[in-house]
Q: 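Dropping the structure in here first, questions after.
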Amino acid sequence: MNIKQAYLGMIKAFPGGWDAMAAALGFSRDGLENRIYERKGQDLHVQTALQMQSFSGTTLFAQAVATAAGGTFLKLPEVGEVCNEDIATKFHELYAELGELSVEFQAATKDGEVDKRERERLNAIVDRMHKTMDELRTLTFRVYCHETAASVRERKERTHG
């Protein structure tokens with residue numbers, strides 16, 4: 001997903017679409033379209049894109065930025081919502097993905113060559129494994145690094161309490 005697709009997805013996800021998103025941002029529909037499609041020398045500022053993301057209840061802008069930087073976006077869970085069972089589940093997911101990679105590797109290399117389609121499948125599995133490992137690391141630190149958990153709780157209390 002590229003940035004423009006993220007903008008369009010956020011507009012589509014917002015109840016009322018273009019007209020409602022434009023009004024929520026304080027623009028006319030033409031003004032919003034000019035910014036999205038970069039017409040008349042206009043563009044969309046990062047802060048406006050973040051507002052659109054918030055209004056739409058999505059993470060599309062963050063995902064598009066992460067993709068453009070060669071990464072993936074990982075939404076962090078709330079500390080109170082995570083337990084050791086969740087971490088164990090992530091380990092099981094990782095084991096399953098490793099098994100899937102092993103099977104796919106054997107099939108892809110049995111003829112002595114990895115073609116484009118096989119390479120794409122291997123990369124897709126490895127990318128999923130990286131995401132699972134990032135989630136596993138994040139969950140572990142959020143639950144077991146007391147500094148991290150405490151700072152998240154304090155920040156949450158300041159903003160909600």
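In this text, all values refer to a predicted model and were calculated from it rather than measured experimentally.
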Q: Side-chain heavy atoms nearer than 4.5 Å, only ILVMFWY residues, links allowed to pass through others: does that put F73 and V46 together?
A: no
Q: Provide the closest heavy-atom pair for S56 versus T58 in the form atom of the first, atom of the second, distance.
A: OG-OG1, 2.9 Å
Q: Of all heavy-atom pairs between A22 and S28, which one has the smallest distance, and what is that distance?
A: CB-O, 3.6 Å
Q: If you measure from CZ on F61 to CE on M52, what distance do you get to the nearest 0.5 Å?
A: 9.5 Å
Q: Once you measure the plane-to-plane angle for Y37 and W18, does it fall in the parallel (<30°), tilted (30-60°) or perpendicular (>60°) bin?
A: parallel
Q: Nearest 0.5 Å, please: how far is CG in D115 from CD in E120?
A: 9.0 Å
Q: If I take atom CG from residue L139 and atom OG1 from residue T89, how far apart are they, to the nearest 0.5 angstrom?
A: 9.5 Å
Q: Could you measure the distance from the CG atom of D30 to the NZ atom of K40? Nearest 0.5 Å is fine.
A: 7.0 Å
Q: Please determine whether the number of non-hydrogen atoms from other residues, nucleotides or ligands lying under 6.0 Å from atom CZ of R119 exceeds 12.
A: no
Q: Less than 4.5 Å apart, side chain to side chain, heavy atoms only: is that true for T109 and V114?
A: yes
Q: Ignoring hydrogens and geometry beyond distance, is a side-chain donor-acceptor pair present between T59 and Q53 at under 3.5 Å?
A: no
Q: Between F55 and I36, is there a shared hydrophobic cluster once you connect ILVMFWY residues whose side-chain heavy atoms come closer than 4.5 Å?
A: yes
Q: Going from CD on Q42 to CZ on F27, what distance comes out if it is rounded to the nearest 0.5 angstrom?
A: 8.5 Å
Q: If I take atom NZ from residue K131 and atom CD from residue E97, how far apart are they, to the nearest 0.5 angstrom?
A: 9.5 Å
Q: Salt bridge or not between K4 and E38? Use side-chain N to carboxylate O under 4.0 Å.
A: no
Q: Quick one: are N84 and V143 in side-chain contact, heavy atoms under 4.5 Å?
A: no
Q: So do M1 and L60 actually touch side chain to side chain, heavy atoms under 4.5 Å?
A: yes
Q: A20 and P15: which non-hydrogen atoms are nearest, and at how many Å?
A: CB-O, 3.2 Å
Q: Measure the shortest side-chain to side-chain distance between T67 and N2 over non-hydrogen atoms and say whether it is less than 4.5 angstrom.
A: no
Q: Run the salt-bridge test on K90 and E93 with the 4.0 Å N-O cut-off and return the result as yes or no.
A: yes
Q: Please determine if D134 and R137 form a salt bridge, counting it only when a charged side-chain N lies under 4.0 Å from a carboxylate O.
A: yes
Q: Mind checking whether M21 and L25 have side chains closer than 4.5 Å, heavy atoms only?
A: yes
Q: So, do H45 and D43 sit near enough that their side-chain heavy atoms are less than 4.5 Å apart?
A: yes
Q: Backbone N or O of G31 within a donor-acceptor pair of the R35 side chain at under 3.5 Å?
A: yes
Q: Side-chain contact test, heavy atoms from C-beta onward, threshold under 4.5 Å: evaluate it for R128 versus I125 and give yes or no.
A: yes
Q: For a 4.5 angstrom cut-off between non-hydrogen side-chain atoms, does H130 reach T72?
A: no
Q: Answer yes if M129 and V103 sit in the same cluster of Ile, Leu, Val, Met, Phe, Trp and Tyr residues linked by side chain heavy atoms under 4.5 Å apart, and no otherwise.
A: no
